[in-house]
**Q** 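There's a structure below that I have some questions on.
Atoms considered below: every heavy atom in the structure, side chains included; atoms not considered: hydrogens, waters and symmetry mates.
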Amino acid sequence: YRQSLAELEAGKIPSARFKGIRVPWGIYSHRGGAVFMERIRVPAGIVSAGQLKALADAAQKYGSGRLHLTTRQDIQIHGVKIEDTAKLIQDLQAFELSPRGGGGNTVRNITACARAGLCPDEVFDVSRPAVALTEHLIKKEICYLLPRKFKIGISGCVKDCAGVLVNDLGFLAVRKDKEREKNEGFNEGFRVWAGGGMGAKSGLGKLLEEFIPTADLVYAAEAAIKVFHKYGDPKNRHHNRLRFLIEKLTFAEFARLYRAE
């Protein structure tokens, strides 16, 4: 990103080409390009006191001095000058914070129940698998080359605080049996839904897996992402979320392709 920014400032690449580089880094222009916003992904919505201080310092140093919270558990810094966008990324790197995948046709921030680890009704704490899945997917090149954005939510119980049914891919914590003490870890896993979403032609996801063990979480996510990557239509931006692909293929065919992956 730093190299591309230097090329932009030197006039070696046009702003239109640079847009395709900065947007997947969660950097959007405001006020006609006079200033920019950086969207920092916060996996599962878990942010430490030290990270909050680092974000506050970055907002004071490079932006408007305020932090904005999003519905996908991201934190945004507004009013950033283009020349400071790379400096902001570098400053937050030391605190394990990054805007990578914060915008564009990417796997966006993976959300989880806000009360994960504290809720008395949860089957198990879903924050750890949500963070682990983030760390796995954020390294994958395919997650930045999708036909459209891809949203994942993970909930710890049937109250579904993370809204898994309105995500492209949703995971709901389940346990195969109730003998937790005897089978700790072996029967914990997820029910999986695919194709939910808000916005144009909103709809609920359809049941893709009745149960997968927690260890298979990354395989299920990657399989769905690969099908979307292969068969989605990047040219039809306004009709190209996963739910539209499923509608085109039929859910049975999508499920077949998913299982093949």
Side-chain angles (χ1 to χ4, degrees), residues 40-52 69-75 95-98 101 106-140 143 150-198 204-228 242 255 258-259 261:
I40 314 301
R41 65 189 300 154
V42 182
I46 297 172
V47 59
S48 70
Q51 287 175 323
L52 279 174
L69 308 181
T70 80
T71 55
R72 288 207 67 80
Q73 300 175 337
D74 297 300
I75 294 179
F95 296 88
E96 297 185 353
L97 291 167
S98 174
T106 65
V107 175
R108 298 294 185 88
N109 193 40
I110 298 174
T111 59
C113 297
R115 298 174 68 201
L118 302 172
C119 179
D121 298 318
E122 68 185 10
V123 178
F124 57 87
D125 181 358
V126 296
S127 62
R128 290 182 66 187
V131 172
L133 182 59
T134 298
E135 292 179 344
H136 178 80
L137 294 178
I138 203 169
K139 299 180 292 185
K140 301 288 183 177
C143 293
F150 193 94
K151 297 181 177 181
I152 299 174
I154 304 181
S155 277
C157 74
V158 292
K159 290 182 179 177
D160 189 18
C161 296
V164 300
L165 289 176
V166 290
N167 277 266
D168 293 288
L169 200 61
F171 297 94
L172 180 71
V174 292
R175 186 177 289 112
K176 270 192 167 182
D177 64 51
K178 296 181 180 179
E179 298 184 47
R180 181 169 184 174
E181 290 76 20
K182 295 180 181 178
N183 301 286
E184 187 71 43
F186 292 102
N187 291 324
E188 291 181 351
F190 294 95
R191 193 167 290 141
V192 187
W193 281 270
M198 304 295 284
L204 300 178
K206 294 180 173 60
L207 187 64
L208 183 62
E209 296 273 16
E210 184 64 41
F211 178 84
I212 60 166
T214 301
D216 287 353
L217 181 68
V218 294
Y219 302 122
E222 272 202 55
I225 290 165
K226 286 178 179 177
V227 173
F228 186 48
L242 183 65
Y258 157 85
R259 296 191 191 288
E261 291 291 347

**Q** Report yes if some heavy atom in the side chain of Pro120 is under 4.5 Å from a heavy atom in the side chain of Arg115; otherwise report no.
**A** yes
**Q** Quick one: pull up CD1 in Ile46 and CD in Gln51 and give me the separation to the nearest 0.5 Å.
**A** 10.0 Å
**Q** Considering all heavy atoms of both residues, which atom of Gly153 and which atom of Val164 are nearest to each other, and what is their separation?
**A** O-CG1, 3.4 Å
**Q** Any donor and acceptor pair, going by atom type alone, linking the side chain of Glu261 with main-chain N or O of Glu222 inside 3.5 Å?
**A** no
**Q** What's the shortest heavy-atom distance between Cys161 and Cys113, and which atoms?
**A** CB-SG, 3.9 Å
**Q** Could you tell me if the side chain of Val158 sits less than 4.5 Å from the side chain of Val123, heavy atoms only?
**A** no
**Q** Main chain of Cys143, side chain of Thr106: is a donor-acceptor contact present, judged purely on distance under 3.5 Å?
**A** no
**Q** Check the side chains of Arg72 and Asn167 for a donor-acceptor pair under 3.5 angstrom, ignoring hydrogens and angles.
**A** yes
**Q** Give the minimum heavy-atom separation between Asp74 and Val42, together with the two atoms involved.
**A** OD1-N, 4.0 Å
**Q** Without swapping roles, check the side chain of Glu122 against the backbone of Ala116 for a donor-acceptor pair under 3.5 Å.
**A** no
**Q** Minimum heavy-atom separation for Ile154 to Ala162, with atom names?
**A** O-CB, 3.3 Å
**Q** Provide the closest heavy-atom pair for Arg41 versus Leu97 in the form atom of the first, atom of the second, distance.
**A** O-CD2, 4.4 Å
**Q** With a 4.5 Å limit on heavy-atom distance, are the side chains of Leu172 and Phe190 in contact?
**A** no
**Q** Quickly, which of Ile212, Asp216, Leu207 forms a side chain to side chain contact (heavy atoms under 4.5 Å, CB included) with Val192? Name it, please.
**A** Ile212
**Q** Mind running side-chain contact (heavy atoms from CB on, under 4.5 Å) on Ile225 and Leu137 for me, showing each step along the way?
**A** CA-CA 10 Å; Ile225 290 165; Leu137 294 178; 4.0 Å; yes
**Q** Are Asp125 and Leu118 packed together at the side-chain level, in the sense that at least one heavy-atom pair is separated by less than 4.5 angstrom?
**A** no
**Q** Determine yes or no for a side-chain-to-main-chain donor-acceptor pair under 3.5 angstrom, with Gln73 supplying the side chain and Ala112 the backbone.
**A** yes
**Q** Can you see which heavy atom on Asp121 is nearest to which on Cys157, and at what distance?
**A** O-CB, 3.4 Å
**Q** Are the side chains of Pro43 and Asn109 in contact, using a 4.5 Å heavy-atom criterion?
**A** yes
**Q** Using distance only, find each side-chain donor-acceptor pair of residues 128-135 under 3.5 Å and give its atom names and separation, not counting sequence neighbours.
**A**
unit_1 : atom_1 : unit_2 : atom_2 : d
Thr134 : OG1    : Ala130 : O      : 2.9

**Q** Looking at Lys176 and Glu210, is there a salt bridge between them, counting it only when a charged N and a carboxylate O are closer than 4.0 Å?
**A** no
**Q** Ring centres under 6.0 Å, that's the criterion: do Tyr219 and Tyr258 meet it?
**A** no
**Q** Given side chains that start at C-beta, do those of Trp193 and Leu204 come closer than 4.5 Å, heavy atoms only?
**A** no
**Q** Quick check: do Lys140 and Lys226 have side-chain heavy atoms less than 4.5 Å from each other?
**A** no
**Q** Is it true that a side-chain atom of Asp168 and a backbone atom of Lys151 form a donor plus acceptor pair closer than 3.5 Å?
**A** yes
**Q** Please determine whether the number of non-hydrogen atoms from other residues, nucleotides or ligands lying under 6.0 Å from atom CD of Glu96 exceeds 12.
**A** no
**Q** Out of curiosity, Ile75 CD1 to Thr70 OG1, how far, rounded to the nearest 0.5 Å?
**A** 8.5 Å
**Q** Can you check whether Arg175 reaches Phe124 side chain to side chain, under 4.5 Å on heavy atoms?
**A** yes
**Q** Quick one: sort the Phe150 and Phe228 rings into parallel, tilted or perpendicular, breaks at 30° and 60°.
**A** tilted
